[in-house]
2 protein chains.
Amino acid sequence: MAMTLTLDQILAALEKTDTLDGLQTATEALRTFLGVAHIVYHWVDSAGDQYGCGTYSPEWRSRYLDQNYLRVDPVVSGCFQRFHPVDWKRLDWSSKAARALLTEAIDHGVGNQGFTVPIRGPNGQFALFTVNDNCTDDAWQAFTQANRRDLILIAHYFNQKALEFEPGRTPEVAQALSPREIDAMTLLAIGYNRAQVADSLSISEHTLRVYIESARFKLGAMNTTHAVARALSRGLIVV
Amino acid sequence: MAMTLTLDQILAALEKTDTLDGLQTATEALRTFLGVAHIVYHWVDSAGDQYGCGTYSPEWRSRYLDQNYLRVDPVVSGCFQRFHPVDWKRLDWSSKAARALLTEAIDHGVGNQGFTVPIRGPNGQFALFTVNDNCTDDAWQAFTQANRRDLILIAHYFNQKALEFEPGRTPEVAQALSPREIDAMTLLAIGYNRAQVADSLSISEHTLRVYIESARFKLGAMNTTHAVARALSRGLIVV
DNA sequence: TTCCAACTCCCCAATTATGGTGAGGCCCCG
DNA sequence: CGGGGCCTCACCATAATTGGGGAGTTGGAA
């Protein structure tokens, strides 16, 4: 079968997709198009849920979830700290857990080469788009250099599509924090206690409490630490 | 002068840029290349700091900063809640302040059409990449449709460059937390109090305290909330 | 104009977190 | 085989946070 698929066609197909299964199909098509072993789109959810579509074997996928490899995967933590796409070779595999993960992944047919594009959306949404293959370093570098831009674009479109499917993504957005609440959360996040925060904001500690409590309410948080964590992971404050 | 500039050349120039002025130059070149009135890259910092390079008039730029228009600009708030690029016409201009802003912007030569790409980086970094022009709706739609992908890519490269200039963005190598410390931080970040965390981990609350304190020490944090915030923003835990 | 959200201030009592100190067992690496 | 990090447990006293009340001002939106 001749290769007639183009990037344009794939992106157009993505735009027309109206089910999650559509993403799965697009992923398969993409693999053929790019000529790599695997393509994975992986949404790392703030609630610890994960959604992904891709071409990894079901065994590996469930193994990854069961073992909570998310916690030790250098691809996840490495990409979380970076903006630009990353070649797996450039990540930190020094920890034993990480090396064990890699070995096991290769055993599951993941391939020895990988390239992952981090993607971020509103409310601290974070996702990964990965391609990988089994080949030499040189071949892989040539591939990633040649396709870098397309991969960035594809990752972008995948995420856009995935966000459209996300249920209840919009309602939470409405609850923005007021300026004072943001101030309070920010100062708490940098380690100030209530007395220090109140002092920094030149308000009474009593007033501060009102802000903290209303922020907690808006964020659906059970306590201050929770509220700050949510504000952070939703990108409402930055430290 | 013939138009010989290509997207490749601009992106290559961006990659070679090694000063902030370089971004300014690239912005100007880009305007010529795309044939629009203005190009602006705008980094919106949560602390209220803003960095931008672009082709808006200095008057408008300082006016925008002085008046703290960031707080009322529908482009900013609208893009903050979206993942995909946005045409200014699709934003919410219903508030009086927003309409006043738009009128004033047009008076300052900003143009009646705009298209903005939101971009997000690690640690909640948020930036905008905007093109705008003075033309009809039809012409503008044709332009944005034709250049959408390039604009996404350019925005991406601009942000990558800008992040490289950011001081202290590649800070001390985050000291890793032990598995138990990660457990503790994670459970605290999802709102559990110490009793609940200890219960979840099936350890005594006394033991838990040891983890929290050692995590706090490793993270250089002043209190639990601070420690959780740091663990989150360093990507050591994902909530 | 009227309403609402945001900002500001206050008390009391109960609950929770923290600081300081100490100690035993386990496993890995040099 | 010893040092170091990790996991586990405990007490005491103090500091900090939280829950549940109530109340007045202001500025923008319907």
Side-chain angles (χ1 to χ4, degrees), chain A residues 71-72 94-100 174-229 231 236, chain B residues 67-69 71-74 77 92-101 175-189 191-229 236:
Chain A
R71 295 266 177 94
V72 293
S94 62
S95 95
K96 200 163 59 179
R99 279 194 305 272
Q175 287 293 44
L177 298 179
S178 78
R180 275 318 216 187
E181 288 158 357
I182 291 177
D183 291 340
M185 291 293 107
T186 304
L187 293 172
L188 288 170
I190 63 175
Y192 288 4
N193 61 26
R194 297 204 309 202
Q196 292 172 307
V197 173
D199 198 51
S200 293
L201 298 179
S202 304
I203 56 177
S204 77
E205 203 174 321
H206 310 283
T207 303
L208 174 66
R209 281 184 51 191
V210 177
Y211 298 142
I212 298 176
E213 281 177 30
S214 67
R216 212 168 51 214
F217 179 73
K218 287 181 181 176
L219 295 166
M222 319 176 76
N223 54 47
T224 302
T225 300
H226 193 196
V228 170
L236 300 174
Chain B
Q67 298 294 103
N68 205 5
Y69 279 152
R71 292 260 175 107
V72 293
D73 193 338
S77 54
D92 174 23
W93 297 97
S94 61
S95 96
K96 201 162 55 180
R99 279 193 305 273
L101 170 64
Q175 169 134 28
L177 298 178
S178 80
R180 276 318 217 188
E181 287 158 358
I182 291 178
D183 290 340
M185 291 293 107
T186 304
L187 292 172
L188 288 170
Y192 289 5
N193 62 25
R194 297 205 306 200
Q196 291 172 309
V197 173
D199 198 51
S200 293
L201 299 179
S202 303
I203 55 176
S204 77
E205 204 174 320
H206 309 284
T207 304
L208 174 67
R209 282 185 49 191
V210 178
Y211 298 143
I212 298 176
E213 280 178 30
S214 66
R216 216 174 42 218
F217 179 73
K218 286 181 182 175
L219 295 166
M222 316 176 77
N223 54 45
T224 302
T225 300
H226 193 196
V228 170
L236 300 174

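By convention in this document, chain letters (A, B, ...) are assigned in the order of the sequence lines, proteins followed by strands, and residues within each chain are numbered from 1.
When distances are taken from the side chain of B/Tyr211 to each of C/dT8, D/dC7, C/dG19, the shortest belongs to D/dC7. Comparing D/dA16, D/dT8, C/dT8 by their closest approach to the side chain of B/Ile203 singles out D/dT8. Listed candidates were C/dC7, C/dA17, D/dC12. Nearest to the side chain of B/Arg209 is D/dC12.
The phosphate of C/dT8 (OP1 or OP2) has a side-chain N or O of A/Arg180 nearer than 4.0 angstrom. Look at B/Ser204 and you'll find a side-chain N or O under 4.0 angstrom from OP1 or OP2 of D/dC9. When the side-chain nitrogen and oxygen atoms of A/Thr207 are compared with OP1 and OP2 of C/dC9, one or more of them lie within a distance under 4.0 Å. Residue A/Lys218 places none of its side-chain N or O atoms closer than 4.0 Å to OP1 or OP2 of C/dA5.
Annotation: side-chain hydrogen bond (donor to acceptor under 3.5 Å, both in side chains) contacts of A/Ser204 (sequence neighbours excluded): A/Thr207. For the salt bridge (Lys or Arg N to Asp or Glu O under 4.0 Å) test, no residue two or more places apart in sequence or in another chain qualifies with B/Asp73. By the side chain to side chain contact (heavy atoms under 4.5 Å, CB included) test, B/Ala215 pairs with B/Leu177, B/Glu181, B/Met185, sequence neighbours left out. Taking the salt bridge (Lys or Arg N to Asp or Glu O under 4.0 Å) definition, one finds that A/Arg99 meets it with nothing, sequence neighbours left out.
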Report all side-chain donor-acceptor pairs from residues 219-229 of chain B shorter than 3.5 Å, counting only partners two or more places apart or in another chain.
residue: B/Asn223; atom: OD1; partner: B/Thr225; partner atom: N; Å: 3.2
residue: B/Asn223; atom: OD1; partner: B/His226; partner atom: N; Å: 2.8
residue: B/Asn223; atom: ND2; partner: A/Gly191; partner atom: O; Å: 3.0
residue: B/Thr225; atom: OG1; partner: A/Thr225; partner atom: OG1; Å: 2.8
residue: B/His226; atom: ND1; partner: B/Met222; partner atom: N; Å: 3.0
residue: B/His226; atom: NE2; partner: A/Ile190; partner atom: O; Å: 3.3
residue: B/His226; atom: NE2; partner: B/Arg230; partner atom: NE; Å: 3.3

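Atom CG of B/Asn193 is separated from atom C1' of C/dA17 by 10 Å (rounded to the nearest Å). Between the NE2 atom of A/His206 and the P atom of D/dA16 there is a distance of 14 Å, given to the nearest Å. For A/Arg216 and D/dG19, the CZ to C1' distance is 9 Å, given to the nearest whole Å. As rounded to whole Å, 14 Å separates atom P of D/dA16 from atom CD1 of A/Ile212. Between B/Leu208 atom CG and D/dC9 atom P there is a gap of 10 Å when expressed in whole angstrom units. We find that CG of A/Asp183 is positioned 9 Å from P of C/dC7, with the value rounded to whole Å. What separates CE of A/Met222 from P of C/dT15 is a distance of 17 Å, to the nearest Å. In this structure, B/Glu205 atom CD and D/dC11 atom P are separated by 12 Å, rounded to whole Å.
Looking at heavy-atom distances under 4.0 Å, A/Ser178 makes contact with sugar-phosphate atoms alone, never a base. Across all strands shown, B/Ser214 has no heavy atoms under 4.0 Å from either base or sugar-phosphate atoms.
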note = Quick tally for nucleotides 23-30 of chain D: nucleotides whose base has a protein heavy atom under 4.0 Å get B, sugar-phosphate-only ones S, the rest -, giving --------

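Pairing each heavy atom of A/Ala184 with each of A/Ile212, the nearest pair is CB-CG1, 4.5 Å.
B/Tyr211 is not listed as a side-chain neighbour of B/Asp183, based on a closest heavy-atom distance of 4.5 Å or more.
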